[in-house]
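Data first, discussion second: the structure below is written as structure tokens.
We name chains A, B, ... by the order of the sequence lines, and we start the count at 1 in each one.
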Amino acid sequence: MELLSDRYNHQEAEARNYRWWEEQGFFKADDRSTKPPYCIILPPPNVTGSLHLGHALDQSIQDCLIRWKRMNGFNTLWQPGTDHAGISTQTVVEKELKKEKLTRQGIGREKFLQRTWEWKRLNGDRITLQMRRLGASCDWDRAVFTLDDRVSAAVRKVFVSLFRKGWIYRGQRLVNWSGPLQTAISDLEVEYKQVKGSLWHIRYPLENGRGHLIVATTRPETLLGDTAVCVHPQDERYKQWVGQNVILPLLTKSVPSAPPQKRKIPIIADSYVDMKFGSGVVKITPAHDFNDYKIGKKHNLPFINILDTNTFLNEHAGPYAGLSVTEARKKVLEDLKAQDLLEKEEPHVLNVGHCSRSGAVVEPFLSEQWFVKMDQLAVPAQRVVESGTINIDPESWTKVYLHWMSIIEDWCISRQLWWGHRIPAWYCKDCQQITVAEKDPTSCEHCGSGNLTQDEDVLDTWFSSALWPFSTLGWPEETEALKTFYPTNVLVTGNDILFFWVARMVMMGLEFKRDVPFRQVLLHGMIRDSQGRKMSKSLGNGIDPLDLIEKYGADALRLTFLAHVHAGKDYKFSEQRLEGYRNFMNKIWNATRFALNALQDFQVPEAGVQALPNRAQISSYDQWIIYRLAQAEDRVEEALEEFRFADAAGELYSFVWYEFCDWYIEFSKSVFSSPPSEERSASQLTMAQVLNRIVRLLHPFVPFITEEIYSKLPIKNKACIVDEYPNIRTDRAFLALGQEAAAVEVDLVKGIVSAIRNIRGENRIPPAARINVRIVPSDEHAQKIIGEHRAVMMALGRVDTFEIGEDEGSLSKCALSLVNVQVGAFGTSTVGDGGQVAAGGISGQSSVRVIVPLQGLVDIDEEIKRIHKTIEKLDKDIAILVGRLSNENFVKNAAEEIVHGDRQQLEQAKKQVQDLRESLTRLQS
RNA sequence: GCGAACGUAGCUCAGCGGUAGAGCACUGCCUUCACACGGCAGGGGUCACAGGUUCAAUCCCUGUCGUUCGCACCA
């Protein structure tokens, strides 16, 4: 049999196994299969991106699910793809051009798009190659790009359909405008940040010359676009002025070839104004503020746009034209001050919208844009979540989703970019009408003119993303893939794109497929650094997952995430924890090394994985570990069903490390080093089968090391990745060999060994020192068990002579520990000195006194201290129990088994204290 | 401003009506024939605070303080 190398070389094994998986076609899904389908759509990473920890977390979860379902016999499809990421990609290419002293406008649209495609051809695969390093088992042959012809066809069909329905429209609106990018962005792409600013109080002279109104503003430069001032209709201070005019400071009316004239703007009244804020007078700038826009519409005010597309002031700003917003603000304030129109300046904290892409301050900007009407689309999307057709996990996000849906505004989908799906709308130069069509039209559908020009803008990248669950599967064609895999099963993504993406997929899926795109949404949090800060380039605290994979292995990284994802919470990443899981990989590797060594002369049975050891020949340890394996399989399955990855991973971690390695392997050493026998062979078979299951159970979490180990196991099927995932139903025959009685037995053995070790440890008896132990069992059952396991206990406790008997003799100079085992209370660990907790208080119990003569070994004072400590602990317990049980109401009202359990515990504790006191007096005698 | 989540061991987090758990870190002992990326043993918490419900509250309710997130936004 092939043995394992001393060290697991993850770099080599990961590359080799991944290549093999791909060559074998294990990731491929089947469009026509009798197996049940299971599909996850990968949130398409940006082609410009490189793998970051957020992806790694997201994809670890998805791959774990896919691998788990694949092993469970599902026809799994993990559908990969990449996103053209309009703004990012365009920015990247523009930066390249800049190095060559070129601009996008300079080379023109066509050349620019060529350049961008070229860039995509060269760099677009980077992130998917990086995903492979993580072990992602996507069906790569199906990889889709959002600008592929097929997807573009879907986009056009959706656009045309919504347009015909009147749900897509074009209009002049106030939109969020990014100056550096020179494009509109959607509400969602605006991030509000608190900024320390000022509230300036400005005097607006009354037209009638009888003084002035004071207007408070945080943006004095927008004064240049004011077309009214507004007060509350009930405001006694200003009622008299409503309907009259004020003179707009600074600006003169720009009438060509006419003498400068002061601009008059009306004083209007609207209950929108808060009388208590500022001066109670608000300036209205309808073209540069969302609230003012509404007032402007309502009161039919003129809209004066004072900005250019680069957000510098335009000709309407008169002498301020050409200045940036910041410069204009400064100048306006200076000028106001010079004219004594500035009443005062107060510090003021305000929320300012920033462009999530460029970081620039977003300007409300009046322009022609395309919008998707949201009201009708939102209704069904709201309903499917309310009704539970789509389940959102964690549940608290359901409310967030529903709230957003209820206040949703129309979606601005046009972007003044070149890289993306160009809007399929053509303007007729002759009749000025719009033709919207799936295929490029040659003539105007209104007047037949061929004088058409296509809209210059492209669609918001999220528009194509919204179609992703069905466009990737072939829609609008009724493909087999679509029939098989739509609706998909689970959508896994960060909670930051719930609105951007998840909500819109739900709307589009319902509209165009008449069914939800997925039934389950699994949201996780964001990755943060160890101090809880966002990882970002500017902070320089980003960690490259590829560096971590290189250093610790992909498996360790995956497990770090999976062992720690909890219900949508942000994840503070720490390399130290990763190191811990790397150590676990090492542990698994070495445990396998031990096992393979112990199985060198093992005869591999014909039946392979189905081979069962003879029940009569396997040891209690074997029966116990199988019993625990069954429990682990059960718990892991239940946890995965409920997406509790951390619980599943935790169960496997502790089962493998603390039961299999710490105890089972130790127990087994004596059998395996003994001469061949039927018992030894049976134990070898058990070891081989249990290890086989452990490896398969771990596979979805840590695929590389498990595949590597699996190939070396004596008992195995072809490949771990496609082997069956063990669960208590499919694995019933083997698990039936596990015995609860054996578990109790082993618990007692563990308890005694721990008690001996505890005495050793606390008394600082060096491991080399010989000790003698006397065990006094409380009953025959315990006595029998102890007799059978005597050799193992001696080995693990490093005991020289080991006596079992009723006669305690003299306890003089002896250490004493008490071990209790509750029969029928499996699962609780047995601890020396009575740490045992009754589970339900049913069944009986065995107790054992462990006596270690200390004469000549140590200073007896240490042992006295140890016993005092134990008694103190027990006394505290007793006090609590007595207090409780002497409370009539407790006895009367509490559940029967609680009261009974307490009584039992009290009795036991009292007995233990008595024993310990007795031994204390003898120890001191 | 509205809504939500969270405040538990030094750190990161589980638990959520019956006497506090894990990992890492820490202390002591040990190079025992799978593993020092290891073994064994151990120390450490009035479960933010104040009330209430209950026989019983870290867990349920109310309030306070603190942290974070989402939404809205007042010029």
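- Residues satisfying the side chain to side chain donor-acceptor pair (under 3.5 Å) test with A:Lys873, not counting sequence neighbours, are none.
- Using a 4.0 Å heavy-atom distance criterion, A:Asp292 is classed as making no nucleic acid contact.
- Residue A:His232 is out of contact with every strand shown, counting any heavy-atom pair closer than 4.0 Å.
- Here the CD atom belonging to A:Glu708 is positioned 10.5 Å from the OG1 atom belonging to A:Thr592, to the nearest 0.5 angstrom.
- The ring pair (Phe, Tyr, Trp, His ring centres under 6.0 Å) check on A:His232 picks up nothing, with sequence neighbours excluded.
- Less than 4.0 Å separates RNA chain B from at least one heavy atom of each of the following residues of residues 212-224 of chain A: A:Ala216, A:Thr217, A:Thr218.
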Where each pair must be Watson-Crick or G-U wobble with both distances under 3.5 Å, what dot-bracket representation of RNA chain B is obtained, with crossing pairs in [ ] and other-strand partners as |? ((((((((.[[[[.)..(..]]]].(((((.......))))).....[[[[[..)....]]]]])))))))....
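- Scored by the side chain to side chain donor-acceptor pair (under 3.5 Å) test, A:Arg558 finds A:Asp63 as partners (sequence neighbours excluded).
- Heavy atoms of A:Trp657 sit under 4.0 angstrom from primed sugar atoms or phosphate atoms, though from no base atom.
- For A:Tyr621, the ring pair (Phe, Tyr, Trp, His ring centres under 6.0 Å) partners at least two apart in sequence or on another chain are A:Phe667, A:His789.
- A search for ring pair (Phe, Tyr, Trp, His ring centres under 6.0 Å) contacts involving A:Phe499 returns A:Trp404, not counting sequence neighbours.
- A:Asp274 is linked by a side chain to side chain donor-acceptor pair (under 3.5 Å) to nothing, counting only residues two or more places apart in sequence or in another chain.
- Residue pairs meeting the salt bridge (charged side-chain N to carboxylate O under 4.0 Å, His left out) criterion with at least one partner in residues 220-229 of chain A, sequence neighbours excluded, are A:Arg219-A:Glu221, A:Glu221-A:Arg329, A:Asp226-A:Lys283.
- Annotation: proximity of residues 577-591 of chain A to RNA chain B (heavy atom, distance under 4.0 Å) is found for A:Arg577, A:Arg582, A:Asn583, A:Asn586, A:Lys587, A:Asn590, A:Ala591, numbered in ascending order.
- Distances shown here put a side-chain N or O of A:Tyr658 below 4.0 Å from the OP1 or OP2 atom of B:G23.
- Residues meeting the ring pair (Phe, Tyr, Trp, His ring centres under 6.0 Å) test with A:Tyr653, sequence neighbours left out: A:Tyr581, A:Phe584, A:Trp657.
- Partners of A:Arg237 under the side chain to side chain donor-acceptor pair (under 3.5 Å) rule, at least two apart in sequence or in another chain, are A:Asp235.
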